[in-house]
Amino acid sequence: MATECPAVRRVQVAEHPRLLKLKEMFNSKFGSVPKFYVRAPGRVNIIGEHIDYCGYSVLPMAVEQDMLIAVEPVKTHVLQLANTNPLYPDFSTSANNIQIDKTKPLWHNYFLCGFKGIQEHFGLSDLTGMNCLVDGNIPPSSGLSSSSALVCCAGLVTLTVLGMNLSKVELAEICAKSERYIGTEGGGMDQSISFLAEEGTAKLIEFSPLRATDVKLPSGAVFVIANSCVEMNKAATSHFNIRVMECRLAAKLLAKHKSLPWKEVLRLEEVQAKLGISLEEMLLITEDALHPEPYSPEEICKCLGISLQELKTQILSPNTQDVLTFKLYQRAKHVYSEAARVLQFKKICEEAPDNVVQLLGELMNQSHRSCRDMYECSCPELDQLVDICRKFGAQGSRLTGAGWGGCTVSIVPAEKLSSFLANVHEAYYQRSNRSLAPEKQSLFATKPGGGALVFLEA
């Protein structure tokens, strides 16, 4: 798996309605036909929220919704991007002068992240241009990773145009790093599952070094995604990056408390690794070392023995330098407990006891509580949707993705699926009078899908 490249498949485009439609739209847009197509899937994170950027393992699966790009390399050095969705305007730029505006998370900037990541990895300056038509069916800003799927898709498009090879792991690492060009300090889960996913299995994704292990989900249960229809764009708001910084600060204060070289510590996992102790013990140290009251920048400086200027320039990211309070105790408690829940989830899947669905559901419920109360990344609509899902038969339900909107994921006994879908649809979508466009794909059962690949016309 570590050295495997993304698959290349020959397909009869005429037999695939979506590819055929994309080919026809491409032709009417650019007056030519695509040379190849690339897909990269979105994902649902089953458990392990906001812990990948702290160095901890997560447990996602790819969904069938994806980004699909039709591509034609051209002799000019111009990158022409178009989208099948009229909400996303055309964009063109020189392939050799990629500028990504962090202040505006426009759709084409995610493509440029993937393009630039590959360009910089190979140190290339004289790049060929291309015409690209993008078609995505992942609901945007829903916590199903539409933006990372576009970054990954663009990375694989660029690699294919260049005729170069990289393994799935290398691609995932490059795309995770390059998404930060847009200002999001993410951890790498989304890009990893987009490339490393395999049909029929969820994955435990571990970092440093990046690796993926199959996790067989119980056959008697179905995972159902429900969209709260509250949109949250990670790159457009500071919530996400503030949490990343709170975790970084908590790691430094915990390291200082235990007389570790705190200046080089960036992640909560590093503190545990350096101390060589269990997650349960880390929770006890957190109780001992950090207080529940929010920390001011001045108090953090006093704890670390540094100036306010050093805190702002050497530790905080540019968009978190003016934050007035940081909740370190709550964030560390969430991360260490959530990391333990991921490992328990995998263990229960492997042991498959009779009450497996109930046990996994309990872990998902605990995860949501921690996201809501300790990490404060939920919102009233997500909490309401989670309650409705549990009321109508989900053994467990939780927010998935960054939160503050987006989707929930629920584990539902297979025999209750049809009544669950009908009841949740009525209670959340109809009764609350949410006027929803069908493309929001409000409520659907999902199973683990495959990863990114290239299609060539047979």
Side-chain angles (χ1 to χ4, degrees), residues 45 48-56 58 102-105 141 143 145 147-148 176 179-190 230-255 262 265-271 286 289-304 306 308-339 367-368 370-380 382-383 399-406:
N45 190 24
E49 220 57 77
H50 284 281
I51 64 173
D52 58 342
Y53 54 76
C54 296
Y56 284 110
V58 290
K102 279 189 180 182
T103 62
K104 298 191 181 90
S141 301
S145 210
S147 45
S148 296
E179 192 165 327
R180 293 178 195 145
Y181 293 138
I182 208 137
T184 307
E185 301 280 336
M189 161 177 54
D190 305 344
V230 176
E231 292 197 0
M232 202 299 273
N233 186 312
K234 273 194 305 208
T237 56
S238 58
H239 297 305
F240 184 87
N241 285 344
I242 291 171
R243 294 297 181 278
V244 178
M245 288 307 128
E246 287 175 319
C247 290
R248 182 177 294 180
L249 293 168
K252 288 183 182 295
L253 263 67
L254 289 168
W262 63 267
V265 169
L266 288 174
R267 296 184 181 90
L268 286 163
E269 185 274 334
E270 293 165 33
V271 184
T286 302
L290 301 175
H291 56 66
E293 299 75 30
Y295 286 74
S296 66
E298 291 74 15
E299 186 181 359
I300 290 165
C301 289
K302 197 173 156 197
C303 292
L304 296 177
I306 58 172
L308 205 52
Q309 184 62 18
E310 284 173 296
L311 173 69
K312 288 188 173 186
T313 56
Q314 292 172 26
I315 299 177
L316 298 178
S317 63
N319 53 4
T320 57
Q321 288 176 3
D322 298 323
V323 176
L324 297 176
T325 57
F326 298 94
K327 293 189 177 180
L328 308 188
Y329 167 87
Q330 291 85 343
R331 310 317 183 216
K333 289 267 291 197
H334 166 75
V335 170
Y336 289 130
S337 64
E338 185 78 348
S367 170
H368 184 76
S370 184
C371 284
R372 182 191 66 202
D373 301 339
M374 302 307 277
Y375 221 72
E376 296 177 279
C377 63
S378 190
C379 67
L382 280 171
D383 294 338
L399 66 84
T400 186
W404 297 289

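All values reported here derive from a predicted model rather than from experimental measurement. Only heavy atoms go into these numbers, but all of them, side chains included; no hydrogens, no water, no symmetry mates.
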Between CG on residue Leu399 and SG on residue Cys377, distance to nearest 0.5 Å: 5.0 Å
Stepwise side chain to side chain contact (heavy atoms under 4.5 Å, CB included) check, Tyr295 with Thr325: CA-CA 5 Å; Tyr295 286 74; Thr325 57; over 6 Å; no
Residue pair Lys252, Leu304: steps toward the side chain to side chain contact (heavy atoms under 4.5 Å, CB included) verdict: CA-CA 8 Å; Lys252 288 183 182 295; Leu304 296 177; 4.3 Å; yes
Electrostatic pair Glu299-Lys302, nearest N-O below 4.0 angstrom: no
Polar side-chain atom of Arg248 near backbone of Ile315 as donor-acceptor pair, under 3.5 Å: yes
Spacing of His239 atom NE2 and Cys379 atom SG [to the nearest 0.5 Å]: 9.5 Å
Check: Leu311 and Leu249 side chains under 4.5 Å, non-hydrogen atoms: yes
4.5 Å side-chain heavy-atom contact, Val323 and Met245: no
Side chain to side chain contact (heavy atoms under 4.5 Å, CB included) between Val58 and Ile51, intermediate numbers included: CA-CA 7 Å; Val58 290; Ile51 64 173; 3.8 Å; yes
Side-chain (Asn45) to main-chain (Gly48) donor-acceptor, under 3.5 angstrom: yes
Pairwise side-chain contact, Gln330 with Pro292, heavy-atom cut-off 4.5 Å (strictly under): yes
Heavy-atom pair of closest approach, residues Asn241 and Gly183: ND2-O, 2.7 Å
Atom pair CD/SG of Glu269 and Cys247 - distance to nearest 0.5 Å: 13.0 Å
Heavy-atom side-chain proximity of Cys371 to His334 below 4.5 angstrom: yes
Asp383 side chain to Ser378 side chain, donor-acceptor N/O pair below 3.5 angstrom: yes
Parallel, tilted or perpendicular: rings of His50 and Trp404 (30°, 60°): perpendicular
Salt-bridge present (Glu293, Lys327; N to O < 4.0 Å): no
Heavy-atom pair of closest approach, residues Ala176 and Gly188: CB-CA, 3.8 Å
Any donor-acceptor pair under 3.5 Å from Tyr336 side chain to Leu268 backbone: yes
Taking every non-hydrogen atom, the tightest pair across Val265 and Ala255: CG2-CB, 4.1 Å
Between Ser148 and Glu179, a side-chain donor and acceptor under 3.5 Å: yes
Pairwise side-chain contact, Thr320 with Ser238, heavy-atom cut-off 4.5 Å (strictly under): no
Side-chain heavy atoms of Tyr375 within contact of Arg331, under 4.5 Å: yes
Stepwise side chain to side chain contact (heavy atoms under 4.5 Å, CB included) check, Gln309 with Gln314: CA-CA 8 Å; Gln309 184 62 18; Gln314 292 172 26; over 6 Å; no
Test item: Thr286 and Tyr329 side chains (from C-beta on) under 4.5 Å apart, heavy atoms: yes
Check: Leu328 main-chain N/O paired with Glu246 side-chain donor or acceptor under 3.5 Å: no
Spatial distance of atom CG (Leu254) from atom CG (Leu290) [nearest 0.5 Å]: 4.5 Å
Ile242 and Asn319, any side-chain heavy atoms less than 4.5 Å apart: no
Side-chain H-bond candidate by donor/acceptor type, Glu49 with Ser367, under 3.5 Å: no
